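In this text, all values refer to a predicted model and were calculated from it rather than measured experimentally.
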Amino acid sequence: MTRPSLSIVTAVRNGAATIADSLESLRAQTVRVEHIVIDGCSTDRTLEIVRQLSPAALILSEPDQGIYDAMNKGIALATGEVVGLLNSDDRYAHEHVLEKVARVFENPEIEACYGDLVYVAAPKDRVFRYWKAGSLSPAGFYRGWMPPHPTFFVRRAVYGRLGGFDLSLGSAADYELMLRFLLKHGLCTTYIPEVLVRMRIGGASNAGLLSRIAANRMDRRAWTVNGMSPRPWTLLCKPLRKIHQYFASPPPVY
């Protein structure tokens with residue numbers, strides 16, 4: 001089987017404090033990839049660091065409508081058969097992550113894959129939360145399940161067929177895309193049962209009660225724009241599923 005080419009998209013704005021770690025983890029990978037950096041007119045040293053650590057990257061720096069708009073731009077520029085998204089404050093868990101992803105896509109029937117994720121906290125990179133995704137079950141979406149979006153890799157042709165992120169969904173744009181791709185259209189998807197990404201804690205959707213209420217409203221819209229309806233308990237289960245992640249056993253150390 002032929003190993004597919006990979007494109008990795010990094011959306012960033014003023015990420016100088018963290019992007020070096022992301023780029024180092026990408027540079028350490030055992031397979032070569034196309035790297036696309038979409039910068040939202042950073043005013044710090046972000047672009048200088050990118051040019052130093054990822055000199056072959058395709059860089060687009062211009063105003064955007066937020067991270068999902070930047071991701072859409074990067075996906076549109078990608079030429080690889082498979083597209084992954086590496087945020088500026090995330091990094092791959094070990095140097096063989098993309099090799100394992102590429103191996104999955106050697107099967108031409110596979111359209112998407114995902115794995116596990118850990119949230120880490122400063123100053124000692126302590127594992128704060130372990131998101132063990134588990135195997136895909138369509139029924140799981142009705143119980144609040146979704147895979148970790150930073151670990152999600154998709155064939156570029158799928159984006160061409162089904163579209164990218166819906167900017168009107170705000171912070172639920174990744175959730176809506178998962179519903180559309182995996183539940184509504186039933187992509188042939190594989191689970192890689194190990195940690196693929198280490199993510200620094202934080203995020204607007206977890207900032208407080210008002211933010212959670214707004215996110216819940218957008219989560220409901222994510223279903224309705226796809227002509228589907230969640231169960232009465234679905235959107236309550238979605239945040240509740242995070243609780244056990246704070247007490248889960250640590251992932252393997254590579």
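Under the 4.5 Å side-chain contact rule for hydrophobic residues, Tyr68 and Phe152 share a cluster. Under the 4.5 Å side-chain heavy-atom criterion for Ile, Leu, Val, Met, Phe, Trp and Tyr, Val33 and Val37 are members of distinct hydrophobic clusters. Connection of Ile192 to Phe105 is established within a shared hydrophobic cluster, with ILVMFWY side chains joined at heavy-atom distances below 4.5 Å, either directly or through further cluster members. Note: the hydrophobic cluster containing Trp233 does not contain Tyr175 (ILVMFWY, side chain heavy atoms under 4.5 Å, direct or indirect links). There is no path of hydrophobic side-chain contacts, each under 4.5 Å, that joins Val12 to Ile201.
With rounding to the nearest 0.5 Å, the separation of CG in Leu47 from SG in Cys41 is 9.0 Å. Rounding to the nearest 0.5 Å places CD of Glu48 at 10.0 Å from CG of Leu53. Separation of atoms CG (Leu117) and CE (Met199) is listed at 6.5 Å; rounding is to 0.5 Å. The OH atom of Tyr191 lies 14.0 Å from the OG atom of Ser137; values are rounded to the nearest 0.5 Å. The CG atom of Leu58 lies 5.5 Å from the CG atom of Leu77; values are rounded to the nearest 0.5 Å. Between Glu194 atom CD and Thr151 atom OG1 the span is 11.0 Å, to the nearest 0.5 Å.
The backbone N or O of Leu136 lies less than 3.5 Å from a partner atom in the side chain of Tyr114, making a donor-acceptor pair. Panel note: side chain Thr10, backbone Leu86; a donor-acceptor pair is recorded below 3.5 Å. Under the 3.5 Å distance criterion, the side-chain polar atoms of Asp89 are left unmatched by any main-chain donor or acceptor of Arg200. Between the side chain of Arg13 and the backbone N or O of Ile38 there is no donor-acceptor pair closer than 3.5 Å. A donor-acceptor pair is defined here as one N or O able to donate and one able to accept, closer than 3.5 Å; such a pair exists between the side chain of Thr46 and the backbone of Gly15. Not a single donor-acceptor pair under 3.5 Å links the side chain of Trp223 to the backbone N or O of Leu179. Judged purely by atom type and a 3.5 angstrom limit, Arg156 uses its side chain to pair as donor or acceptor with the backbone of Gly80. Within the 3.5 Å criterion, the main-chain N or O of Ser25 finds a donor-acceptor partner in the side chain of Gln29. With hydrogens and angles disregarded, a donor-acceptor distance shorter than 3.5 Å links the side chain of Arg155 to the backbone of Ile110. Without hydrogens or angle criteria, Ser22 side chain to Asn87 main chain gives a donor-acceptor distance under 3.5 Å.
For Thr79 and Glu34, the side-chain atoms include at least one donor-acceptor pair closer than 3.5 Å. Judged by distance alone, the side chains of Thr30 and Glu95 never bring a donor and an acceptor atom under 3.5 Å apart.
Within the 4.5 Å cutoff, no side-chain heavy atoms of Thr189 are placed close to those of Pro147. Side-chain contact between Arg51 and Ile59 is present, with at least one heavy-atom pair separated by less than 4.5 Å. With contacts defined as side-chain heavy-atom distances shorter than 4.5 Å, the pair Leu26/Leu98 qualifies. Val118 places none of its side-chain heavy atoms less than 4.5 Å from the side chain of Arg129. Counting heavy atoms from C-beta outward, Arg217 and Arg220 have side chains that stay 4.5 Å or more apart. Side-chain contact check for Arg91 versus Val197: every heavy-atom pair is 4.5 Å or farther apart.
Counting non-hydrogen atoms of neighbouring residues, nucleotides and ligands closer than 6.0 angstrom, the CD atom of Glu62 exceeds 12 such neighbours. The number of heavy-atom neighbours closer than 6.0 Å to CZ of Arg241, taken from other residues, nucleotides and ligands shown, is above 12.
Ion pairing between a basic and an acidic side chain is recognised when a charged N comes within 4.0 Å of a carboxylate O; Arg161 and Glu111 show such pairing. Classification of Lys73 and Asp64 as a salt-bridged pair fails, no side-chain N sitting under 4.0 Å from a carboxylate O. Here Arg198 does not pair with Asp21 in a salt bridge; the nearest charged N to carboxylate O distance is not below 4.0 Å.
When ring centroids are compared, Phe165 and His149 come within the 6.0 Å threshold. Two rings, from Trp131 and Tyr246, have their centers 6.0 Å or more apart. Within the 6.0 Å centre-distance limit, the rings of Tyr159 and Phe181 are counted as a close aromatic pair.
Shown here for Leu169 and Ala222, the closest heavy-atom pair between the two residues is CD1-N, 3.6 Å. Counting all heavy atoms, side chain and backbone alike, Ala102 lies closest to Pro4 at O-CD, 3.4 Å. Smallest separation of non-hydrogen atoms from Ala133 and Trp145: O-NE1, 2.8 Å. The two atoms that bring Ile36 and Gly74 nearest to each other are CD1-O, 3.6 Å, heavy atoms only. When every heavy atom of Ala93 is checked against every heavy atom of Val195, the shortest pair comes out as CB-O, 3.4 Å. Taking each heavy atom of Pro150 and Asp90 in turn, the nearest pair found is CB-OD2, 3.8 Å.
Residue pairs meeting the ring pair (Phe, Tyr, Trp, His ring centres under 6.0 Å) criterion with at least one member in residues 9-28: none, sequence neighbours excluded.
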Given Glu106 and Arg103, is the salt bridge (charged side-chain N to carboxylate O under 4.0 Å, His left out) satisfied, shown in steps? CA-CA 5 Å; Glu106 289 178 358; Arg103 196 176 302 148; 5.6 Å; no
Take Ser61 and Asp39 through the side chain to side chain donor-acceptor pair (under 3.5 Å) test and state the conclusion after the steps. CA-CA 4 Å; Ser61 183; Asp39 174 71; 2.6 Å; yes
Check the pair Asp166, Arg180 against salt bridge (charged side-chain N to carboxylate O under 4.0 Å, His left out), reporting the backbone distance first and the verdict last. CA-CA 11 Å; Asp166 184 339; Arg180 182 173 8 122; over 6 Å; no
I would like to know whether Leu6 and Val82 meet side-chain contact (heavy atoms from CB on, under 4.5 Å); could you show each step before the answer? CA-CA 5 Å; Leu6 302 179; Val82 176; 3.5 Å; yes
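Partner of Tyr92 under the side-chain contact (heavy atoms from CB on, under 4.5 Å) criterion, chosen from Leu196, Val101, Ile8: Ile8. Of the candidates His185, Arg221, Glu176, Asn226 forms a side-chain hydrogen bond (donor to acceptor under 3.5 Å, both in side chains) with just one, namely Glu176.
Cation-pi check for Lys184 over Phe141 is not met; the charged atom does not lie both under 6.0 angstrom from the ring centroid and within 45 degrees of its normal.
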